[in-house]
Amino acid sequence: MGTSQKEGLASSSDAAPIHRFYSRTTWIEGAAEEQLDLVSRLAGVSHVAAFPDLHPGKYGPVGSAILADRIYPQLIGNDIGCGMSLFALDLPARKLRLDKAAQKIRVLEEPWHGDPGACLAADGLPTDLHPVALGTIGGGNHFCELQELGSLSDDCLLAGTDIRKGDLMLLVHSGSRSLGMAVFGTVLESFSGLDLDSTVGRTYLAAHNDAVRWASLNRRLIAERAARALRSDLRLVADAPHNLIEEHDDGLLHRKGAAKADIPLVPLAGSRDALSYLLVPKADRPEALASLAHGSGRKYDRRSMAGRAGTTRSDRDGLIRTSFGGHVICEDRQFLIEEAPNAYKDPNQVLDDLRTSDLAQSVATLKPLLTFKKAVNRELAAARRDKHGRLKDRRAKR
DNA sequence: ATGTTC
């Protein structure tokens with residue numbers, strides 16, 4: 001927990017109710033519970049929902065939804081609009097050559113060469129809104145994953161959709177890149193919250209809303225780039241942001257790593273070596289604040305992963321393969337280790353908690369075939385070579 | 001999370 005939050009956040013004596021949608025045996029870090037208690041005491045907070053993927057964040061617990069009478073930008077942080085978008089490909093799994101697809105999807109390592117102005121305008125955004133990063137995935141836990149849809153025992157729910165067992169899907173996890181960071185940078189010290197009726201509050205929320213739409217467009221462009229490389233059409237199945245503020249009748253709803261669930265279908269991402277799930281949220285659970293878990297949730301923070309994954313050569317080699325016979329494309333070894341599957345909780349426990357809490361039904365499994373995370377930035381690599389006359393060896397720094 | 005960490 002940052003000291004800045006303890007010092008800077010206004011707190012009231014009476015805490016808002018916290019609804020926890022996980023069992024007593026679910027693994028939740030103590031620091032996350034402390035953050036949950038802290039946000040429940042923030043001035044103007046009326047309700048908090050906590051999901052089984054809960055884990056500590058920089059300013060607040062990731063995996064929570066918070067209803068307040070004012071705007072708390074630091075609860076959302078820099079990746080405004082980050083989320084998961086799921087697309088169905090018009091390409092049957094039986095026609096897929098995984099090794100060839102792995103080469104084709106590398107188109108995502110290049111900058112996007114489309115027409116940003118036209119895409120931004122078509123989505124009602126200013127044509128000059130941060131075009132430079134559009135169509136790119138970014139780093140950290142962001143990815144573009146090719147998956148095969150599998151059915152569950154209850155086929156009735158799938159029958160209500162236009163997706164079927166064996167369909168190839170693209171799940172894109174990305175956000176607003178450096179745009180959201182710039183927007184957050186304008187209100188960094190707003191620890192006591194912003195009034196919606198103030199100029200700074202309105203200005204922030206307008207810029208935030210643009211970043212949310214920019215992030216959604218970004219995920220679609222990433223999927224379109226991948227689909228084009230695979231010579232396939234695609235259609236949107238779900239667009240589920242999990243890091244944003246929404247104006248609701250009863251207040252400002254902050255989702256911090258909690259998926260927007262007032263939509264028909266919500267993807268629940270597993271780690272790259274676990275199944276993801278497609279969920280149908282239950283509509284009649286107001287205490288869940290129209291939200292759901294957004295994934296497995298981290299078990300270990302990034303810094304502590306150095307000794308937990310990639311310590312031996314065979315372990316490192318294993319990081320680019322999955323137990324489903326799939327591949328991981330990520331040339332940044334740091335990311336491979338920080339985002340190793342064992343950095344995450346068991347998505348099946350998260351799913352169990354959501355079902356036990358009666359928040360959602362699962363309608364399909366999503367098996368990872370190809371996970372594109374990040375390729376080496378060639379320009380940056382070249383710059384480093386020029387400066388040092390050789391490639392930096394990260395190991396030498398330790 | 002981030003044209004990051006010279």
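Bear in mind the structure is a predicted one, so any value in this text is a computation, not a measurement. Because only heavy atoms are used, hydrogens play no part in the values below, and waters and symmetry mates are left out as well, while side chains stay in.
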### Task
Please determine if a side-chain N or O atom of A/Ser178 lies less than 4.0 Å away from the OP1 or OP2 oxygen of B/dG3.
yes
### Query
Got a sec, which hydrophobics cluster with A/Leu67, joining ILVMFWY side chains under 4.5 Å apart, including via others?
A/Leu253, A/Leu289
### Message
Between A/Arg333 and A/Gly310 (side chain of the first, backbone of the second, donor and acceptor by atom type, cut-off under 3.5 Å), is there such a pair?
### Response
no
### Message
Checking contacts here: which listed nucleotide (B/dT2, B/dG3, B/dT4) is nearest the side-chain heavy atoms of A/His142?
### Response
B/dT2
### Message
If I take atom CG in residue A/Asn243 and atom P in nucleotide B/dT2, what distance separates them, rounded to the nearest angstrom?
### Response
11 Å
### Query
Could you state the NZ-P distance from A/Lys58 to B/dT4, rounded to the nearest angstrom?
16 Å
### Task
Under 4.0 Å between any heavy atoms, over every strand shown, what does A/Gly138 touch: base, sugar-phosphate, or nothing? Just pick one.
sugar-phosphate
### Query
To the nearest Å, how far apart are A/Glu338 CD and B/dT5 P?
14 Å
### Task
Have a look at A/Gly175 and say if it touches a base, only the backbone sugar-phosphate, or nothing, with a 4.0 Å heavy-atom cut-off.
nothing
### Task
Check each of A/Leu171, A/Leu170, A/Ile163 against A/Val237 using the side chain to side chain contact (heavy atoms under 4.5 Å, CB included) test, and report the only one that passes.
A/Ile163
### Query
Which part of the nucleic acid does A/Gly140 contact within heavy-atom distance under 4.0 Å: base, sugar-phosphate only, or nothing?
sugar-phosphate
### Summary
Of the candidates B/dT4, B/dG3, B/dT2, the side chain of A/Val132 sits closest to B/dG3
### Query
What is the distance from CD1 of A/Ile137 to P of B/dG3, rounded to the nearest Å?
13 Å
Distance-only criterion, 3.5 Å: show the donor-acceptor pairs between side-chain atoms of residues 179-188 of chain A and protein atoms not counting sequence neighbours.
unit_1: A/Thr186; atom_1: OG1; unit_2: A/Val183; atom_2: O; d: 2.6

### Query
A/Arg177 CZ to B/dG3 C1': how many Å, rounded?
9 Å
#### Entry: Ring centre gap for A/His173 and A/His294 strictly below 6.0 Å
no
### Query
B/dT2 C1' sits how many Å from A/Phe184 CZ, rounded?
12 Å
### Summary
In whole angstroms, the gap separating C1' of B/dG3 from CG of A/Leu179 amounts to 14 Å
### Query
Do any of residues 212-221 of chain A sit with a heavy atom less than 4.0 Å from DNA chain B, and if so which?
none
### Message
Minimum heavy-atom separation for A/Ile76 and A/Arg255, please, with both atom names.
### Response
CD1-O, 3.6 Å
### Task
Could you state the atom-to-atom distance from CD of A/Gln334 to C1' of B/dT5 in whole Å?
10 Å
### Task
Would you kindly check if the NZ (Lys) or CZ (Arg) of A/Arg272 is within the cone defined by 45 degrees around the ring axis of A/Phe143 and under 6.0 Å from the six-membered ring centre?
no
